[in-house]
Number of protein chains: 2
Amino acid sequence: MTWKMFGTAEPDVLTEQFRQCDTKNLLLRSLSAQDFALLAPHLTRVPFSIGDPLSHAGDAIDSLCFPEEGIAGVLDALDGDHRYAVGLIGAEGFVGWPLLLGNSRSPYDVVMRAERGEALRIAAEHFVAAVEQSVTLRLSLLRFVNVFMIQMGRTIVSSLAHSIERRMARWILLYHDRVRDDDICMTHEEFSLMLGVRRSSVTDALHRLEEERAIRAGRGRITVRDRAKLMRLAADTYGHAEAEYRRLLGDDRGLSLRPASHGQDVAVATSLG
Amino acid sequence: MTWKMFGTAEPDVLTEQFRQCDTKNLLLRSLSAQDFALLAPHLTRVPFSIGDPLSHAGDAIDSLCFPEEGIAGVLDALDGDHRYAVGLIGAEGFVGWPLLLGNSRSPYDVVMRAERGEALRIAAEHFVAAVEQSVTLRLSLLRFVNVFMIQMGRTIVSSLAHSIERRMARWILLYHDRVRDDDICMTHEEFSLMLGVRRSSVTDALHRLEEERAIRAGRGRITVRDRAKLMRLAADTYGHAEAEYRRLLGDDRGLSLRPASHGQDVAVATSLG
DNA sequence: TGGTTGCGGTACGGAACCGGACAGAGCCCT
DNA sequence: AGGGCTCTGTCCGGTTCCGTACCGCAACCA
């Protein structure tokens, strides 16, 4: 009797109606009941595999996704060869925000970066109709856009000012915030492409983080071992955007990203129970 | 009988009423007459000197600025020491967008980066009231926010992928787009702080650009000499955000940033005549 | 006119990181 | 068990860029 019953196939939208407590997307859960009701009739749960595109740079945005499980990497490309990560989006946000900003075409590639992802999808026309009806709905979604901009700003300054090791610590934390357990499924090669560094530089940086006992590295997997130490290593590259998220979208609604101290995501776990 | 009559002191808001053709801010000019009328009664023209803050990180946003002359540098700080540029805003946009995104506090320092700046200022409460009244007004402003996000994304990938020389070419173009003549007033020291590189690296990069005859360098000033060559040197770090601006806010209203080819800003000049 | 200050040019050693390459180690498939 | 593949660990020289320092020059001011 959990949401899993909707999981695999795409059901006829009209026959299913999501309840707000059925979704694991924090942004949707933070909405008022009325605002959620504007979106709910048009939501469809869809599965994603690693590498699946959620949106493609230059294409028209015909639907938006509210991730429930997994991580969406937002990538910008230079002339089509390498693609670099400008940010990450998980269950705390949504993909397709340019539509909210009056741009019907996606400026970025957005790609599922976890082996098993799930998202609630809504068609663009229904989305636009809903946000035009409700000021508060629009505001909640725009607040997430604001937080994402802050995350991008941090990406800029950390890439300008800090070593690969510190930036790695930051990205691992960004991933860790958005997965259930402590495992991050990603190869050094994928990390290197997203961070814009050499593959073996990733290897070296991970070794140093491992020596510090902050993580454990396996083949195609990184396990967070000491989150507090990672945060110390990431220093001021991490935490600002997350605090803004809590301030703007979290506090008064009992939601949060993974809490500052190490541990399971209590807020989500209890509110799901 | 030009707008200059309003220039120096701050006049009593109620006694002056801007006409749309009186402003040099491209965003305001692109609005419909009705949308402009919502803002106009509350606009005040204010002068800025180099270094003047338009907004301070963490502070409440009590007013917004639509630049007419000069350039606003958007800076993010790490723990208070160095500040790094994440983007530039001139007459094509406005400062204070977080308010539009449901955030009443500025995430960034915004500082005037030209010796003589001017902007139309509006109090936050009047701004909010106006954008809540008009969907089209809100959309135009949000479109600018969208373009600014794209500019930030480009800042990320260029800082990850490209040499100082190329990134310098990009920033010079970003400045050049936003000033009337071909002179950019900035010391190597200021450039180095904003780009997050060593001061003498700026000197070296400028020398190389000068050898290519793309610019001329003077004391505290850089003069654009061959814009086309600068664009070739900047490669794909420049042009994407600008094209999006034209697509979303320019084409159908006869506005544009400095055109792709070398020359004076014809569109603005003629529409002002 | 001469001092003061800030800006620009230059130099040097060292650190970080790159590009490329290669070998071993883990994993899957047959 | 063995073959093939991907991922990881490691090494090389070379380059970019940093940190620092020093000096000359321009602008400003008394």
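Basis for what follows: all heavy atoms, side chains included, without hydrogens, waters or symmetry-related copies. Residue numbers begin at 1 in each chain, while the letters A, B, ... track the order of the sequences.
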Q: Pick the closest DNA chain C nucleotide for A/Ser200 and for A/Arg219 by heavy atoms, then say which residue is nearer the 5' end.
A: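 Of the two residues, A/Ser200 wins.
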Q: Would you say B/Ile222 and B/Met186 make side-chain contact, with heavy atoms under 4.5 Å?
A: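 Not touching, per the 4.5 Å side-chain cut-off.
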Q: When the distance from CG of A/Leu206 to C1' of D/dG9 is rounded to whole Å, what number comes out?
A: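 For the pair A/Leu206 CG and D/dG9 C1', the rounded distance is 12 Å.
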Q: Under a 4.5 Å cut-off applied to non-hydrogen side-chain atoms, are A/Arg166 and A/Leu233 in contact?
A: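 Of all side-chain heavy-atom pairs linking A/Leu233 with A/Arg166, none is under 4.5 Å.
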Q: Would a 4.5 Å heavy-atom cut-off, applied to side chains only, mark B/Ile164 and B/Met168 as touching?
A: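 Result yes, sub-4.5 Å side-chain heavy-atom pair found.
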Q: Mind listing the residues from residues 163-173 of chain B sitting with a heavy atom below 4.0 Å of DNA chain D? Number order is fine.
A: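 Heavy-atom contacts with DNA chain D come from B/Ser163, B/Ile164.
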Q: Grab the two heavy atoms, one from B/Leu26 and one from B/Tyr245, that are nearest each other, plus how far apart they are.
A: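 Looking at all heavy atoms of both residues, the closest pair is CB-OH, 3.9 Å.
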Q: To the nearest Å, how far apart are B/Arg198 CZ and D/dC22 C1'?
A: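 Interatomic distance, CZ of B/Arg198 to C1' of D/dC22: 14 Å.
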Q: Go nucleotide by nucleotide along DNA chain D from the 5' end; which of A/Leu160 and A/His207 gets its closest nucleotide reached first?
A: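 In this pair, the answer is A/His207.
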Q: If I take atom CD1 in residue A/Ile222 and atom C1' in nucleotide D/dG9, what distance separates them, rounded to the nearest angstrom?
A: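 Rounded to whole Å, this separation is 15 Å.
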Q: Between B/Asp59 and B/Arg105, does a salt bridge (Lys or Arg N to Asp or Glu O under 4.0 Å) hold up when you go through it step by step?
A: CA-CA 5 Å; B/Asp59 287 0; B/Arg105 298 193 170 275; 5.7 Å; no
Q: Kindly say if A/His188 contacts the phosphate of D/dC7, meaning a side-chain N or O under 4.0 Å from OP1 or OP2.
A: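 So the side-chain polar atoms of A/His188 never come under 4.0 Å of the phosphate oxygens OP1 or OP2 of D/dC7.
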Q: Whole angstrom is fine here: how far is it from CD in A/Glu210 over to P in D/dT8?
A: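 So the CD-P distance, A/Glu210 to D/dT8, works out to 12 Å.
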Q: For DNA chain C, note the earliest and the latest nucleotide, 5' to 3', having some atom under 4.0 Å of a heavy atom belonging to chain A.
A: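 Range of nucleotides within reach of chain A: C/dC17 to C/dC27.
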Q: Are any non-hydrogen side-chain atoms of A/Leu230 and A/Glu212 less than 4.5 angstrom apart?
A: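 Result no, sub-4.5 Å side-chain heavy-atom pair not found.
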Q: My understanding is that only residues two or more places apart in sequence, or in another chain, count here; which of them pass ring-ring contact (aromatic ring centres under 6.0 Å, His included) with B/Tyr108?
A: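 Expected list: none.
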Q: Send over the distance from A/Arg199 CZ to D/dG9 C1', rounded to a whole Å.
A: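 The answer, rounded to whole Å, is 8 Å.
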Q: Considering residues at least two apart in sequence or located in another chain, which fulfil the ring-ring contact (aromatic ring centres under 6.0 Å, His included) criterion with A/Trp97?
A: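 Here the qualifying residues are A/Phe148.
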Q: Please tell me if the side chains of A/Asp177 and A/Tyr238 come closer than 4.5 Å, counting only heavy atoms from C-beta onward.
A: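 Yes - at least one pair of side-chain heavy atoms lies under 4.5 Å apart.
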Q: Considering only heavy atoms from C-beta outward, does the side chain of A/Leu88 approach that of A/Met194 to under 4.5 Å?
A: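 Yes, at least one pair of side-chain atoms sits under 4.5 Å.
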Q: Quick one: bend of the helix from C/dT1-D/dA30 to C/dT30-D/dA1 from 5 pairs per end, to 10°?
A: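 What I find for the helix from C/dT1-D/dA30 to C/dT30-D/dA1 is an axis angle of 30°.
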Q: Going by the rule salt bridge (charged side-chain N to carboxylate O under 4.0 Å, His left out), which residues pair with B/Asp204 if we only count those two or more places apart in sequence or in a different chain?
A: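 Partners of B/Asp204 by the salt bridge (charged side-chain N to carboxylate O under 4.0 Å, His left out) criterion come out as none, since no residue qualifies.
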